[in-house]
Novice: 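Following this message is one structure expressed as structure tokens.
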Protein chains: 2
Amino acid sequence: MIRVMLVDDHPVVREGLRSLLDAEPDIEVVGECGDAASAAATAAATRPDLVLMDLRMPGRDGVAATADVLAACSTRVVVLTTYDHDGDVLRAVEAGASGYLLKDTPRAGLVEGVRAAARGETVLAPAAAATLAGAVRRPAPPTLTPREHDVLRAVARGLSNPEIARELRIGEATVKSHLLRVFEKLQVSDRTAAVTAAIARGILPTPRL
Amino acid sequence: MIRVMLVDDHPVVREGLRSLLDAEPDIEVVGECGDAASAAATAAATRPDLVLMDLRMPGRDGVAATADVLAACSTRVVVLTTYDHDGDVLRAVEAGASGYLLKDTPRAGLVEGVRAAARGETVLAPAAAATLAGAVRRPAPPTLTPREHDVLRAVARGLSNPEIARELRIGEATVKSHLLRVFEKLQVSDRTAAVTAAIARGILPTPRL
DNA sequence: GGCCGCCTCCACCGGTCGGTGGAGGCGGCG
DNA sequence: CGCCGCCTCCACCGACCGGTGGAGGCGGCC
């Protein structure tokens with residue numbers, strides 16, 4: 001019997017997974033949890049063989065929750081999310097996820113994925129597999145320093161270099177230095193492309209109204 | 001008996017909604033559909049009282065599907081989606097949706113929402129209601145002309161004005177004219193802020209890797 | 001026909017931006 | 001201690017950008 005625990009902030013999704021998995025003779029849902037913060041505690045209490053983890057939750061820390069769960073008890077974590085944001089796949093696997101499935105997987109694929117992960121296999125959706133393959137080909141995951149981050153965030157708000165310099169209490173020359181290094185790291189040549197590239201890679205959050 | 005049809009590309013979500021709604025004595029799920037394209041045809045065939053419609057689907061045209069369904073048969077459409085992107089709410093309601101609920105609604109709220117919508121009420125999640133209220137306060141929904149859209153998309157890719165002029169086969173002066181009007185409409189004063197503002201309002205898609 | 005919105009284009013200006021090619025200080029690590 | 005990464009700053013350049021204040025053409029709508 002494979003003991004599964006669900007972490008997802010959407011009751012509808014938990015309900016769907018539960019009915020789908022409980023219909024299988026060899027799978028049992030032993031717990032569920034609606035937020036990332038209490039995932040580790042729930043896992044420690046229910047000691048599942050496998051945790052199905054949503055990535056996007058209030059506080060948006062499915063990745064952190066994955067790390068917490070793995071630190072709290074010996075189990076496997078399979079990420080089950082809606083979109084295949086490339087950045088998410090990388091961060092999830094870095095955090096120790098044993099699999100990355102999308103919610104539009106047909107039910108047979110989901111069930112088989114759960115069994116495969118419980119057997120110890122790493123189960124990846126095709127898009128996620130492609131992303132990981134691409135990531136190892138390119139051994140340069142662009143990591144920005146805190147200051148570079150600050151400058152880029154300000155740029156995304158539409159501030160000019162002099163304005164950024166005032167806001168961060170540094171010289172305009174310094175702003176330019178940081179920005180040039182950001183361009184280099186993101187492989188772009190102007191501030192606007194830097195912002196979109198950063199959003200695409202999850203370095204900056206998707207802007208909201 | 002309230003006859004409900006489900007439109008969502010995720011089998012898991014459909015499964016969850018079906019088991020949740022079928023548990024109610026006065027609700028019956030009479031059809032489901034995994035893509036926006038065939039939603040109208042399915043609705044015409046099953047003639048539901050209510051359609052629960054996901055907004056984000058392959059082809060991302062839940063709004064268009066809402067309009068199609070309403071054109072194809074007399075029913076009500078309630079949008080049931082994951083995030084409360086402000087732009088989505090506005091477009092969905094414009095397309096004729098009778099409600100806008102989020103997937104993190106507790107199951108009791110969902111069921112009550114379905115009943116209320118079937119009674120003819122307009123059912124809005126709190127966040128969606130706030131957005132609509134804000135929208136009527138501000139009677140300027142920034143609509144870009146096709147050409148302005150073209151220019152803005154090019155800007156988001158990091159192209160300079162001369163490059164955009166070459167790509168669109170127009171003069172650089174024309175590019176600037178379009179851009180200035182975009183700035184005005186989006187209430188910003190530079191290209192980078194224009195791109196983030198456009199992404200925030202759903203005018204431009206969230207950039208992907 | 002008249003009006004209006006959209007697209008197109010022009011010349012000119014000052015400020016900003018991307019880029020070069022440096023430099024020094026400071027903290028951590030082996 | 002020396003090395004390295006990060007942060008800070010400088011001067012200078014040419015290109016580009018935002019903004020002004022125009023203009024004409026074209027199509028749809030009343």
Side-chain angles (χ1 to χ4, degrees), chain A residues 94 138-204 207, chain B residues 90-91 94 138-204 207:
Chain A
E94 276 174 16
R138 182 186 350 156
T143 312
L144 302 188
T145 68
R147 218 48 174 161
E148 287 163 0
H149 220 103
D150 292 342
V151 172
L152 186 55
R153 269 202 311 272
V155 167
R157 286 165 47 209
L159 302 187
S160 69
N161 289 346
E163 285 168 338
I164 296 169
R166 254 171 272 141
E167 181 153 313
L168 298 182
R169 309 181 145 278
I170 57 181
E172 188 189 343
T174 311
V175 173
K176 288 173 151 194
S177 298
H178 288 309
L179 220 33
L180 283 174
R181 227 156 316 124
V182 170
F183 293 165
E184 208 180 329
K185 287 181 178 178
L186 296 181
Q187 297 277 286
V188 297
S189 55
D190 70 282
R191 61 218 279 112
T192 306
V195 168
T196 56
I199 292 172
R201 302 187 197 196
I203 296 170
L204 285 181
Chain B
L90 296 176
R91 283 178 294 175
E94 276 174 16
R138 183 185 349 164
T143 312
L144 301 189
T145 68
R147 219 44 175 164
E148 288 163 1
H149 219 104
D150 292 341
V151 172
L152 186 55
R153 270 202 309 273
V155 167
R157 287 164 47 208
L159 302 187
S160 69
N161 289 347
E163 285 168 337
I164 296 169
R166 253 171 273 140
E167 181 152 312
L168 297 182
R169 308 179 148 281
I170 56 181
E172 188 189 343
T174 310
V175 174
K176 289 174 151 193
S177 298
H178 288 309
L179 260 185
L180 284 174
R181 227 156 315 124
V182 169
F183 293 165
E184 209 180 329
K185 287 181 178 178
L186 296 182
Q187 296 277 285
V188 297
S189 56
D190 70 283
R191 51 181 53 232
T192 306
V195 168
T196 54
I199 292 171
R201 304 187 194 195
I203 296 171
L204 286 181

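Convention: sequence-line order gives letters A, B, ...; per-chain numbering from 1. Because the structure is a prediction, the values reported are computed rather than measured.
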Novice: What closest approach, in Å, do V151(B) and V175(B) show between heavy atoms, and which atom pair accounts for it?
Specialist: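 Answer, listing the atom of V151(B) first, then V175(B): CG1-CG1, 4.1 Å.
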
Novice: Looking only at heavy atoms, which two atoms of L186(B) and R201(B) are closest? And how far apart?
Specialist: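 Taking L186(B) first and R201(B) second, the nearest heavy atoms are O-NH2, 3.5 Å.
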
Novice: Looking at dG18(C), dC17(D), dG18(D), which one has an atom nearest to any side-chain atom of F183(B)?
Specialist: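 Of the candidates, dG18(D) comes closest.
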
Novice: Does R157(A) form a salt bridge (charged side-chain N to carboxylate O under 4.0 Å, His left out) with E163(A)? I'd like the steps, not just the answer.
Specialist: CA-CA 11 Å; R157(A) 286 165 47 209; E163(A) 285 168 338; over 6 Å; no

Novice: Nearest whole angstrom, please: distance from the P of dG19(C) to the CG of L179(A).
Specialist: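 L179(A) atom CG is separated from dG19(C) atom P by 10 Å.
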
Novice: Within the structure shown, what part of the strands sits under 4.0 Å from T145(A) by heavy-atom distance: base, sugar-phosphate, or nothing?
Specialist: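 Result for T145(A) = sugar-phosphate.
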
Novice: Might you point out which heavy atoms bring L168(B) and R147(B) nearest each other, and give the distance in Å?
Specialist: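 Nearest pair, atom of L168(B) first, then R147(B): O-NH2, 3.2 Å.
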
Novice: Ignoring backbone atoms, test whether H178(A) places a side-chain nitrogen or oxygen under 4.0 Å from the OP1 or OP2 oxygen of dC6(D).
Specialist: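 Answer no for this pair, as no side-chain N or O of H178(A) is under 4.0 Å from OP1 or OP2.
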
Novice: Measure from CD on E148(A) to C1' on dC7(D) and round the result to the nearest Å.
Specialist: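 Nearest whole value for this atom pair: 10 Å.
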
Novice: For the side chain of T174(A), counting heavy atoms from C-beta on, which of dG18(D), dG18(C), dT8(D) is nearest?
Specialist: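 For the T174(A) side chain, the nearest candidate turns out to be dT8(D).
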
Novice: Consider the side chain of R181(A), meaning its heavy atoms from C-beta on, and name the nucleotide among dG18(C), dT8(D), dC9(C) that approaches it most closely.
Specialist: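 Out of dG18(C), dT8(D), dC9(C), the nucleotide with an atom closest to R181(A)'s side chain is dT8(D).
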
Novice: Within the 4.0 Å heavy-atom criterion, would you say S177(B) contacts the bases, only the backbone, or no part of the nucleic acid?
Specialist: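 Counting heavy atoms under 4.0 Å across all strands, the contact made by S177(B) includes a base.
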
Novice: Where is the tightest heavy-atom contact between G158(B) and A193(A), given as atom of each residue plus distance?
Specialist: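 Nearest pair, atom of G158(B) first, then A193(A): CA-CB, 3.6 Å.
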
Novice: T196(A) pairs by side chain to side chain contact (heavy atoms under 4.5 Å, CB included) with which of L204(B), T192(B), V195(B)?
Specialist: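 Between T196(A) and the candidates, side chain to side chain contact (heavy atoms under 4.5 Å, CB included) is satisfied uniquely by V195(B).
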
Novice: Taking atom P of dT8(C) as reference, at what distance in whole Å does atom CG of D150(B) sit?
Specialist: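 Roughly 9 Å, once rounded to whole Å.
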
Novice: Compute the bend angle of the helix from dG1(C)-dC30(D) to dG30(C)-dC1(D) from the end axes (five pairs per end), rounded to 10°.
Specialist: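 So the angle between the two local helix axes works out to 50°.
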
Novice: Roughly how many Å is it from CD in E184(A) to P in dG19(C), rounded to a whole number?
Specialist: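 Checked: the CD to P distance equals 10 Å.
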
Novice: Out of V182(B), I203(B), L180(B), which residue meets the side chain to side chain contact (heavy atoms under 4.5 Å, CB included) rule with E148(B)?
Specialist: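 When side chain to side chain contact (heavy atoms under 4.5 Å, CB included) is applied between E148(B) and each of V182(B), I203(B), L180(B), only V182(B) qualifies.
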
Novice: Using whole Å, what does the distance between atom C1' of nucleotide dC9(C) and atom CG of L180(B) come to?
Specialist: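 So the two atoms are 14 Å apart, to the nearest Å.
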
Novice: Report the distance from atom CZ of R147(A) to atom C1' of dC26(C), rounded to the nearest whole Å.
Specialist: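 After rounding, the reported distance stands at 15 Å.
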
Novice: Take the protein atom CD of E172(B) and the nucleotide atom C1' of dC7(C), then report the distance between them rounded to whole Å.
Specialist: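 After rounding, the gap between these two atoms is 17 Å.
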
Novice: Starting at CD of E184(B), measure out to OG of S189(B) and round the result to the nearest 0.5 Å.
Specialist: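 If we round to the nearest 0.5 Å, E184(B):CD and S189(B):OG are 12.5 Å apart.
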
Novice: Just wondering, do K185(A) and T145(A) contact through their side chains at under 4.5 Å, heavy atoms?
Specialist: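 Yes, side chains in contact.
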
Novice: Consider the side chain of A173(B), meaning its heavy atoms from C-beta on, and name the nucleotide among dG18(C), dC10(C), dG18(D) that approaches it most closely.
Specialist: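 Closest nucleotide among those given: dC10(C).
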
Novice: Whole angstrom is fine here: how far is it from CZ in R191(B) over to C1' in dG19(D)?
Specialist: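 R191(B) atom CZ is separated from dG19(D) atom C1' by 14 Å.
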
Novice: Listed in order of residue number, which residues of residues 159-171 of chain A have a non-hydrogen atom at under 4.0 Å from DNA chain C?
Specialist: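 Within residues 159-171 of chain A, the residues near DNA chain C are S160(A), N161(A), P162(A).
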
Novice: Looking at E167(B) and L159(B), what are the two nearest heavy atoms and their distance?
Specialist: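 Nearest pair, atom of E167(B) first, then L159(B): OE1-CD1, 3.8 Å.
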
